[in-house]
Each structure stands twice: as C-alpha cells, then as structure tokens.
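One structure below.
In this chain, numbering begins with 1 at the start of the sequence shown. We count ligands from 1, going down the list as the structure has it; atoms in each ligand are counted the same way.
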Amino acid sequence: MTTATSSRAEHIDTSDVESLLAQVRASFAKTPDQRSRAILDALVRHTHAFMREVAPTLEEWQAGVEFLTRVGQACSDTRQEFVLLSDILGLSMLAETINDADVESVTDSTVLGPFHMTASPVRQLGDSTDLTGVGTPCVITGTVRAPDGTPLPGASLDVWQCDGDGFYDVQKSGEVPAGNGRGLFSANQDGDFHFRTVVPSHYPIPTDGPVGDILAVARRHPYRPAHVHFIAGAAGFRDLTTHVFVADSPYLDSDAVFAVKDSLVMTFETSDDPDLAAAHGLATPFTHAHVDLVLAPLETPAGTSR
Ligand code: BEZ
Ligand code: FE
C-alpha cells in the first residue's frame, strides 16, 4: 500500500533491478586480472545499491552527471577538484587510514592535500621557509626516528604550509615569491632537523568550484585548522605524509577534510632558549614547536588496527 511517507525506492520492481544487476556483474565476470575484476564487481554492486536507495528522478540523475562534469572541468595543472571532492567526503582520509602502517609507535599519517603541487626549494638546516614575514615567527625542531627509537641520519623532510594569513604561495603567485612556506631539508647525522617559519593560520579550502557548491548546499563550513605539512623519508622506510596541527587553532574539531588525529596536535610553545633563538635570528621569547617523526620500515604491512 502506498502511504504519504513511502519513498520512491520502495516502488522499484526488485526482480527487474536484480536481473539488471546480475547482467552487469556477469559482463565483468571474465575480467582476466583478479584485482581489476574484484574492484569492478564491487563498483557495480555498490553503485547499484546507491542508486536503488536514492532512486533519483531523471532530472536528479542528469544533475549528478553535470556535477561530475563540472568537477572534471575544474581540474587543471594547478587544481585537482576530484581530490577535493574525495577530501570533503572523507575518502582521502579513509585511503590514508586503510594504508597506515600497522605499527603502534609510527607517526600517524594524514591527507596530502592539493597544495603539494610545486617542488619545495632545497634548504639547509636552520634556514627560514618564510620569505614574506606574514605571521608570528616560529622555530620548528624535531628528530626522525625508526620505531625502536634509532635516529635516521640524513632523513628527508619536505615541508609546506600557508602563511599567517592562511595563504599558500601558489594562491598568491606573482604576489609572493614561489617557495614561500616550503622547504626540502635533510636531517643531520643524528636525525635532527630545525628551521624557522611562521605559525600557520587556519584557512578555507577552495570553494569557488563545484565542491564549494556541495559545502554550501550542506551548510558546511570550508575551514581547515592550522597545520604544517610534512613528507618524511629515509632509505629502507616508508614515506610518511602527515601534518602537525597547532594546538589552539579553531576548527580542530570540525576539519572540512576530516584529517585531524589527536596524536598530530602539538603545542606551539613560548620559548626562552637564547641559543635556539640566536641560531634562527630571533629574540626571546619566541614560538617553538618540537616534532618527532617515527617512520615505518618498508616491509611493514598496511593495516587498519590502529
Ligand atoms: C591542505 O591541507 O593543504 C588541504 C587538504 C585538503 C583539501 C584542501 C587543502
Ligand atoms: Fe594545508
């Protein structure tokens, strides 16, 4: 019986849609590569289940196709709207979590994000990544280690961040020097690194494309809490893509891309250390964050137990 509250999906003839599903699955059943076969079968099963639950009108179906078309059209050499879509749906974070190394002591990973689009300039330990002075000066120190605590000499550290106003260099190209907020460092013989920067601000992800339209429809804000990005690497270890989040930043509890892990939130402290200040051309007191990064050995399996 039809009631005022029944959904469109309840009126679908199940035998027809089951038969359609079976035919489509059968069409992929002879895919020679086993992994491709499994992925295609899951894609068909889950997309059919989605369509059956939503039961779109033909106008809604067309709107969905047009939306994905706009997502593709928004992509360029400097913009990846599909990654942004994956980010706001939590799928980028899910991919990271599925592939996290299954070792308790390893530093948690988080999303890469779209702003790692240019190569970071090679810098020496102690250099500043801040080329414009927009923001509160800050020193970041740290050590890269193996899970047993052994330092990893010469570990590489690719670092990028926005300035104190929330802008990455690529968002202000022509206005700020390329490489502002970025640096490619090598840790010393003890696995230690140190550089000067500014405390990053929270900032909105790009909202001038179709992903912004979804956020607006859902009344979701576009902000990410303040963070510094790192990719750390060392021979024999898995690359670690992660962030350090600033402990008192707004939006730590509502990151637009769901990338906050408690273990990655760090206090940017006020320091009176005269030697550290002098080594980075600062007066005391100054802001300092210490970041220890623990990498997983290459052979570590991915797992979801953490
Ligand atoms: C970022 O942290 O750079 C970022 C991550 C996901 C979406 C937009 C920006
Ligand atoms: Fe970022």
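The Fe ion (ligand 2) has Y168 OH, Y203 OH, H227 NE2, H229 NE2 as its protein N, O or S neighbours under 2.8 Å.
Screening residues 112-147 for ring-ring contact (aromatic ring centres under 6.0 Å, His included) gives F115-Y168, H116-W160 as the qualifying pairs, with residues at least two apart or on separate chains. Residue pairs meeting the ring-ring contact (aromatic ring centres under 6.0 Å, His included) criterion with at least one partner in residues 240-272, sequence neighbours excluded, are H202-Y251, H221-Y251, Y223-Y251, H227-H243, H227-F245, H229-H243, H243-F245.
Between D208 and R79, at least one side-chain N (NZ, or NE/NH1/NH2) sits under 4.0 Å from a carboxylate O, which counts as a salt bridge.
Note on M266 and V228: same hydrophobic cluster, where clusters join Ile, Leu, Val, Met, Phe, Trp and Tyr whose side-chain heavy atoms are under 4.5 Å apart, directly or indirectly. By the criterion of side-chain heavy atoms lying less than 4.5 angstrom apart, applied directly or through intervening Ile, Leu, Val, Met, Phe, Trp or Tyr residues, I88 is grouped together with V71 in one hydrophobic cluster. Following chains of ILVMFWY side-chain contacts shorter than 4.5 Å, one cannot reach I231 starting from V106, and the two form parts of different hydrophobic clusters.
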TODO: Please lay out, stage by stage, how F67 and I214 fare under the test side-chain contact (heavy atoms from CB on, under 4.5 Å).
DONE: CA-CA 10 Å; F67 173 79; I214 291 202; 3.4 Å; yes

Task: Residues S109, T241; criterion side chain to side chain donor-acceptor pair (under 3.5 Å); working and verdict - done: CA-CA 5 Å; S109 65; T241 301; over 6 Å; no

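Counting heavy atoms of neighbouring residues, nucleotides and ligands inside a 6.0 Å radius, atom CG of D272 exceeds 12 of them.
Residue-level contacts of ligand 1 at the 4.0 Å heavy-atom threshold are L84, D87, G113, P114, F115, Y168, Y203, I205, R224, H227, H229, V257.
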